[in-house]
Number of protein chains: 2
Amino acid sequence: MATPTLRPNPKKSPRRGDDRLFLTERKLREGAELMFFAYRAFTQDPDRLLHARNYGRAHHRALHFIGRRPGISVAGLLEILGITKQSLARVLKPLVEDGLVDSIPGEEDRRQRLLTLTALGRALESDLSRVQRERLSRAFREAGSEAVAGFRAVTALMIDEDARDGILDMVYGAPDRPE
Amino acid sequence: MATPTLRPNPKKSPRRGDDRLFLTERKLREGAELMFFAYRAFTQDPDRLLHARNYGRAHHRALHFIGRRPGISVAGLLEILGITKQSLARVLKPLVEDGLVDSIPGEEDRRQRLLTLTALGRALESDLSRVQRERLSRAFREAGSEAVAGFRAVTALMIDEDARDGILDMVYGAPDRPE
DNA sequence: GTTTTATGTCAACGACACTGTCATAAACTG
DNA sequence: CAGTTTATGACAGTGTCGTTGACATAAAAC
């Protein structure tokens, strides 16, 4: 499912332009506000756990994508996270030092540092994703599967078209543990 | 993944609840990742405009909700934004000094500072929301109205139940310009 | 008249992004 | 082999945005 079910939008008859425009604009504003409030809620549970361990949201993201892609290189992680090398280094260094992430030289290219979670890292990542999943799970369950399909379509379409396919391939494609 | 499903997980028996659980878990992970990538995309256009003016995301949020609720008090804004007084003050002060926000004492309660956008403030807020709306508009249009309904349902349900009604009243209730 | 409320302010701190520079080792290239 | 590019690590500095805690003031409330 690299491309969500796209349907050409049905009715778009701007005869009463003023009224339709107002409604549309209003819906867009509502959508933006929902995005703000939902994201704040979405991050708050893991944030709480992280704060107790003196980590931040960036550590969660690193743990998550290393867990998703064991053996990923620093460069690969940088590309997914879309941050600078220094920003990642600041996050990665304590994770390695604290024994949550293993950083081992690549066999083919020994310049690379291939990143994997240790048992400790998996444990924290699991705790973090659990609380986040619980929230998401409640929302998905109460909203129903059709609503979830809509949610997936809309969020996917918010991503830049250039980057979308690559991101969706990653989100929907790669297994947790590449066999 | 909270349970010992650490293995490559070859296809399990499809009739047992196990498989349903696996699929659900996978969908939840996908949903979380979509949320991350969508939110990053969602904020990037206004962020670019803000950075050019030496403002940040917090300034956008303040401008937005003052525009939404002209005459809102500092306490009211604090409650919506869910940040501390000092965090808001740091953002609000330059906005008032730069002439984007008017801060006038309340008539009934003169301790209050009632906040409104100036013409300048409306202009910037309009620029910011325009670029954000364009992205949202594309996503909503291409996803279709059913998908948008699903998006709204799911994002709303992500919000804490305690706070949900109050937030939704604000999102769906109050008009831009109370008249 | 004391207390509570609404707001502003100051100092300090921490997380997380940025830029720019430099160093090193390994890989690639002519 | 020499030179360049690549992958990474490290350092200095900057800025936004969140936090806490303490203190000041003016006005409202009891």
Side-chain angles (χ1 to χ4, degrees), chain A residues 36 39-40 43-44 46-66 71-98 101-115 128, chain B residues 36 39-40 43-44 46-66 71-98 101-115 128:
Chain A
F36 165 64
Y39 193 76
R40 195 172 65 183
T43 53
Q44 77 182 2
D47 278 357
R48 193 169 20 79
L49 292 186
L50 288 158
H51 188 257
R53 303 206 188 202
N54 285 316
Y55 291 140
R57 207 174 287 179
H59 300 82
H60 183 191
R61 295 198 278 255
L63 288 173
H64 175 91
F65 286 109
I66 294 170
I72 192 174
S73 68
V74 172
L77 195 51
L78 281 176
E79 202 184 343
I80 291 175
L81 296 175
I83 58 177
T84 58
K85 189 172 50 160
Q86 292 73 8
S87 292
L88 178 57
R90 184 167 7 93
V91 160
L92 216 42
K93 202 178 168 185
L95 290 177
V96 172
E97 283 171 357
D98 297 348
V101 170
D102 269 343
S103 168
I104 58 173
E107 292 193 359
E108 293 176 1
D109 186 338
R110 275 178 305 182
R111 293 171 305 179
Q112 292 182 329
R113 302 288 151 155
L114 305 186
L115 307 168
L128 294 171
Chain B
F36 165 62
Y39 193 76
R40 194 172 66 183
T43 52
Q44 75 181 3
D47 278 358
R48 193 169 17 81
L49 292 185
L50 288 157
H51 189 257
R53 303 207 188 201
N54 285 317
Y55 292 139
R57 210 175 282 179
H59 298 82
H60 182 192
R61 296 198 276 255
L63 288 173
H64 175 91
F65 287 108
I66 295 170
I72 191 174
S73 68
V74 172
L77 195 50
L78 280 175
E79 202 184 343
I80 291 176
L81 295 175
I83 59 177
T84 58
K85 191 173 49 161
Q86 292 72 8
S87 290
L88 178 58
R90 199 190 9 221
V91 158
L92 216 44
K93 203 177 170 185
L95 289 177
V96 171
E97 283 172 355
D98 297 349
V101 170
D102 268 344
S103 168
I104 58 172
E107 293 194 357
E108 293 178 0
D109 185 338
R110 274 177 305 182
R111 294 171 304 178
Q112 293 183 325
R113 302 291 151 152
L114 305 185
L115 307 168
L128 293 171

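Chain identifiers are assigned alphabetically (A, B, ...) following the order of the sequence lines, protein sequences preceding nucleic acid strands; residue numbering begins at 1 within each chain. What you see is a predicted model; the values in this text were computed from it and never measured.
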Return the CG to OG1 distance between A:Leu78 and A:Thr84, rounded to the nearest 0.5 Å. 8.0 Å
Looking at CD1 of B:Ile72 and CD of B:Gln112, how far apart are the two atoms once the value is rounded to the nearest 0.5 Å? 10.5 Å
Rounded to whole angstroms, how far apart are [atom1] on [X] and [atom2] on [N]?
X: A:Arg90; N: D:dG13; atom1: CZ; atom2: C1'; result: 12 Å
X: B:Gln86; N: C:dG8; atom1: CD; atom2: C1'; result: 9 Å
X: A:Gln112; N: C:dC28; atom1: CD; atom2: P; result: 10 Å
X: A:Asp102; N: D:dT8; atom1: CG; atom2: C1'; result: 17 Å
X: A:Asp47; N: C:dG14; atom1: CG; atom2: C1'; result: 14 Å
X: A:Leu115; N: D:dT8; atom1: CG; atom2: C1'; result: 11 Å
X: A:Leu88; N: D:dG9; atom1: CG; atom2: P; result: 8 Å
X: B:Leu50; N: D:dT16; atom1: CG; atom2: C1'; result: 11 Å

Can you check whether [X] has a side-chain N or O nearer than 4.0 Å to OP1 or OP2 of [N]?
X: A:Thr84; N: C:dC18; value: yes
X: A:Arg61; N: C:dA17; value: yes
X: B:His59; N: D:dC17; value: yes
X: A:Ser87; N: C:dC18; value: yes

Mapping A:Tyr55 and A:Glu107 onto DNA chain C by nearest heavy atom, which one lands closer to the 5' end? A:Tyr55
Starting at the 5' end of DNA chain C, which residue's closest nucleotide do you reach first, A:Arg111 or A:Ile83? A:Ile83
Can a donor-acceptor pair be found, under 3.5 Å and without considering hydrogens, that links the side chain of B:His51 to the backbone of B:Arg48? no
Can you find a donor-acceptor N/O pair under 3.5 angstrom joining the side chain of [X] to the base of [N]?
X: B:Arg113; N: C:dT7; answer: no
X: A:Arg57; N: C:dA15; answer: no
X: A:Lys85; N: D:dG9; answer: yes

Where do A:Leu95 and A:Ile66 land on the side-chain contact (heavy atoms from CB on, under 4.5 Å) test, with the steps shown first? CA-CA 11 Å; A:Leu95 290 177; A:Ile66 294 170; 5.5 Å; no
So, do B:Asp98 and B:Tyr55 sit near enough that their side-chain heavy atoms are less than 4.5 Å apart? yes
Measure from the side-chain heavy atoms of B:Ala58 and tell me the nearest of D:dA7, D:dG18, C:dG8. D:dG18
